[in-house]
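One structure below.
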Amino acid sequence: MFVDLRDRYGKTQVVFTPDGGAELLAEARQLRTEFVIAVTGKVAKRPEGTINPKLDTGEIELRCRKLELLNKSLVPPFQPGTMELPGEDLRLKYRYLDLRRPDMQRTIVLRHRMIKAMRDYFDEHRFIEVETPMLGRSTPEGARDYLVPSRVHPGKFYALPQSPQLYKQILMIAGYDRYVQVARCFRDEDLRADRQPEFTQLDVEMAFVDSDDVIGIIDGLVGKLAKDILGLDVKLPLARMTYDEAMERYGHDAPDLRFGMELVDVTELAKEADFRVFKEAAANGKRVRGLNAKGAAEKYSRKGIDELTAFVMQDHGAGGLVWFKVEPDGTLASPTAKNFQPDLLKRIGEKLGAAPGDFLCFVADTFETTCKALNGLRKRLAKELKLYEPNAMHFSWVVEFPMFAYDEEEKCWAAMHHPFTAPRPQDLAMLESDPGKCRAQAYDLVVNGYEAGGGTIRIHDQGVQQQVFDLLGLSRETARDRFGFLLDALQYGAPPHGGIALGIDRCVMIFGGLDNIRDCIAFPKTQKAADLMTEAPGQVDARQLKELSIKINT
RNA sequence: GGGGGCGUAGCUCAAUUGGUUAGAGUACCGGACUGUCGAUCCGGUGGUUGCGGGUUCGAGCCCCGUCGCCCUCGCCA
């Protein structure tokens, strides 16, 4: 009789033979799946012809002399070794069973190794890890806070940190010139496949540095992680691209550079078009942009193109999708083609490098909408057309983000990053004259189309800080009320400083080749921020609420 | 808050236009076999078709509501 004995390190076959005694064999027959046992015996080479080359331990077996049942198990709702992965809700409810699966074990170990490598790297570079509070003060900017009621201050609340941003700046002012923390952060916003309400950042801050210093340190980290974890040699320094260039060439501030298929602007040509959609867009200050899916013409039927059209319209707000298939003779063909002068079509095709068999897509709309729609289209087409290797990795930087984005609803400027972000020195003058053109000392690390991290150089000058607050419509009183402690601290000898935060969960997800952040977190939450195992959030006693001076309205 | 997908045995799934007693694989239980390792063979247990209404002679299937999970837009400085 045979038993597969599994632990964290693998599986070994245990053999019970009749010559071990009838009693032992009878005991072994009582064993069931997931029982916990201790076995004493001799490890031996398997007899001729019973070696299983498919298993790491396929050449040996443990001949049992003594069996101890340490604990029984209920019949599990799914087997950790199952081929058919159960539904995710079931996996989350029985997370302890799910975590026994080799895939999950690999990811959890990968996560450990990555965090260990990060800590080692920063330790080697003289960074020190400092813990910052979880119970802090709510700052209404940015994401929604998770609030914690105070018992001793009725009606007042702590907020869980969205990030340790302010604390790490204070640490710079306090003279700890190289800080790092593996920090838990909380944001009460709607979730996505790559977002959790509570997540982990590698938080970094340095004093006496500029953008290049911070980027340089992270370059080194990326090189180490790629080498140690994936065995990859990444060429350093990592390539950099400005925000404007990223938006122009890819329509997104975190472009996936594992493949090309760049966006091409044809607004100038569109001005000449008889086709009204193009002509009017170009005339009204909008943009006409497109992309060329090389050789994809035959892969998209009329129905497939209808789906793409619905995709850019419904999901990304485009007015429509104009497309052409390039015929063997090089002409652009589609139902809309008849609205164009043939000569113009030819020039449009040339601009996109069209060759027979190519599939061209265009969107005419505002710059923002063409970005959204074509970025969405680019990613979707790349996936469907398999334009990149599944295990390809691409790291790069996007730099020089705008300082501000105009909020149309609120009719005011909003900080693109956070209100402590320093403008580029050469843009200082534009803070007053043309805030929209002002560029920040900001940098995002982009990996395979994900924003893996982002950071900035901070404002350490009281006057500049005030200018930014003014621009954001933050009154002196409000600013004082919210970040008075930081403003005070900045006046006690604050060094120039800046830093970055990397999303550890996302990094593990990308390095692990996963498409979902929950799979690299031991105990993740669902899209509605619930924990299916503990059933959090849950109700609390009336007594607890009373102590907190809280009444529930429902 | 909006759009989409899914929900049927413990698990993974099937069930023709709405039509007989809702099936299969697997798991589980019992037996046979005993060098097996995704064992095999024989037999068996197992269903509030997520929940609540409605339409119909008749609903797993259609309609309304609701709950849950996933993807996505908004949102996430």
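Just so you know, these numbers come straight off a predicted model, no measurement behind them.
- Among the heavy atoms of the strands, none lies under 4.0 Å from A:A414.
- Residues satisfying the side-chain contact (heavy atoms from CB on, under 4.5 Å) test with A:C507, not counting sequence neighbours, are A:M114, A:A452.
- Below the 3.5 angstrom threshold, one finds no donor paired with an acceptor across the side chain of A:R192 and the base of B:C70.
- If you check every strand for non-hydrogen atoms under 4.0 Å, A:K11 touches nothing.
- One P atom belongs to B:A22, the other to B:G10, and the distance between them is 16 Å to the nearest Å.
- B:U12 sits 23 Å from B:U16 when the C1' atoms are compared, rounded to a whole Å.
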With a 3.5 Å cut-off and sequence neighbours excluded, list the donor-acceptor pairs that the side chains of residues 481-489 of chain A form with protein atoms.
residue, atom, partner, partner atom, Å
A:R482, NH1, A:E141, OE2, 2.4
A:D488, OD1, A:R480, NH2, 2.6
A:D488, OD2, A:R480, NH2, 3.3

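- Taking atom CE of A:M313 as the reference point, atom C1' of B:C73 lies 15 Å away to the nearest angstrom.
- Here A:N52 lies in heavy-atom contact (under 4.0 Å) with a base.
- Comparing the C1' positions of B:U8 and B:G3 gives a spacing of 26 Å, expressed to the nearest Å.
- Side-chain N/O atoms of A:Q169 and A:Q165 include a donor and acceptor closer than 3.5 Å.
- Atom C1' of B:C33 sits at a distance of 11 Å from the matching atom of B:A39, rounded to the whole Å.
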Below 3.5 Å is the cut-off: list the nitrogen or oxygen pairs between protein and nucleotides 7-14 of chain B, distance only.
residue, atom, partner, partner atom, Å
B:G10, O2', A:P77, O, 3.4
B:C11, O4', A:P77, O, 3.3
B:U12, OP1, A:G87, N, 2.5

Could you pull out the protein-nucleic contacts involving nucleotides 29-34 of chain B (nitrogen or oxygen on both sides, under 3.5 Å)?
residue, atom, partner, partner atom, Å
B:C29, OP1, A:R32, NE, 2.8

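- Residue A:T526 is classed as a sugar-phosphate contact, given heavy-atom separations below 4.0 Å to backbone atoms only.
- With both ends at atom C1', the span from B:G31 to B:A14 equals 30 Å, rounded to whole Å.
- For A:Q314 against B:G4, no side-chain N or O and base N or O form a donor-acceptor pair under 3.5 Å.
- Sequence order on RNA chain B of the closest nucleotides to A:F420 and A:R46 puts A:R46 first from the 5' end.
- Counting any heavy atom pair closer than 4.0 Å across all strands shown, A:K372 reaches sugar-phosphate atoms only and no base atom.
- Residue A:Q79 is in sugar-phosphate contact alone, with no base atom involved, counting any heavy-atom pair closer than 4.0 Å across all strands shown.
- Look at the C1' atom in both B:U55 and B:G25: the space between them is 36 Å, to the nearest Å.
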Which donor-acceptor pairs under 3.5 Å do side chains of residues 526-538 of chain A form with protein atoms, sequence neighbours excluded?
residue, atom, partner, partner atom, Å
A:T526, OG1, A:K528, N, 3.3
A:T526, OG1, A:A530, N, 3.3
A:D531, OD1, A:M533, N, 2.8
A:D531, OD1, A:T534, N, 3.2
A:D531, OD2, A:T534, OG1, 3.3
A:T534, OG1, A:A536, N, 3.3

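- Summary of the strand contacts: A:D194 and A:S163 both lie near RNA chain B, and taking for each the nucleotide with the nearest heavy atom, the more 5' one is attributed to A:D194.
- At a threshold of 4.0 Å, the pair A:E198-A:K525 counts as salt-bridged, since one of the basic side-chain nitrogens sits closer than that to a carboxylate oxygen.
- Nucleotide B:C75 holds its C1' atom 15 Å from the CG atom of A:D145, rounded to whole Å.
- The shortest distance between the side-chain N/O atoms of A:K528 and the OP1/OP2 oxygens of B:C70 is not below 4.0 Å.
- Of the side-chain N and O atoms in A:K54, none sit less than 4.0 angstrom from OP1 or OP2 of B:C37.
- Counting any heavy atom pair closer than 4.0 Å across all strands shown, A:R518 reaches sugar-phosphate atoms only and no base atom.
- Look at the P atom in both B:C73 and B:C63: the space between them is 28 Å, to the nearest Å.
- Scanning atom types as modelled, one donor and one acceptor separated by under 3.5 angstrom connect the side chain of A:R195 and the base of B:C76.
- Taking atom C1' on both nucleotides, B:U17 is separated from B:C11 by 32 Å, rounded to a whole Å.
- Ring centers of A:H418 and A:F420: under 6.0 Å apart, within the cut-off.
- A:D203 and A:A183 get closest at one heavy-atom pair: CB-CB, 4.4 Å.
- For the residue pair A:Q181 and A:T132, a side-chain donor N or O sits within less than 3.5 Å of a side-chain acceptor on the partner.
- Figure legend: A:R380 and A:F311 shown as a cation-pi pair, the cationic atom lying under 6.0 angstrom from the six-membered ring centre and within 45 degrees of its axis.
- Annotation: side chain of A:V182 is in contact with side chain of A:L202 (closest heavy-atom distance under 4.5 Å).
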Distance-only donor-acceptor hits, side chain of residues 76-85 of chain A, under 3.5 Å, sequence neighbours excluded:
residue, atom, partner, partner atom, Å
A:Q79, OE1, A:T33, OG1, 3.0
A:T82, OG1, A:E84, N, 3.3
A:T82, OG1, A:E84, O, 3.1

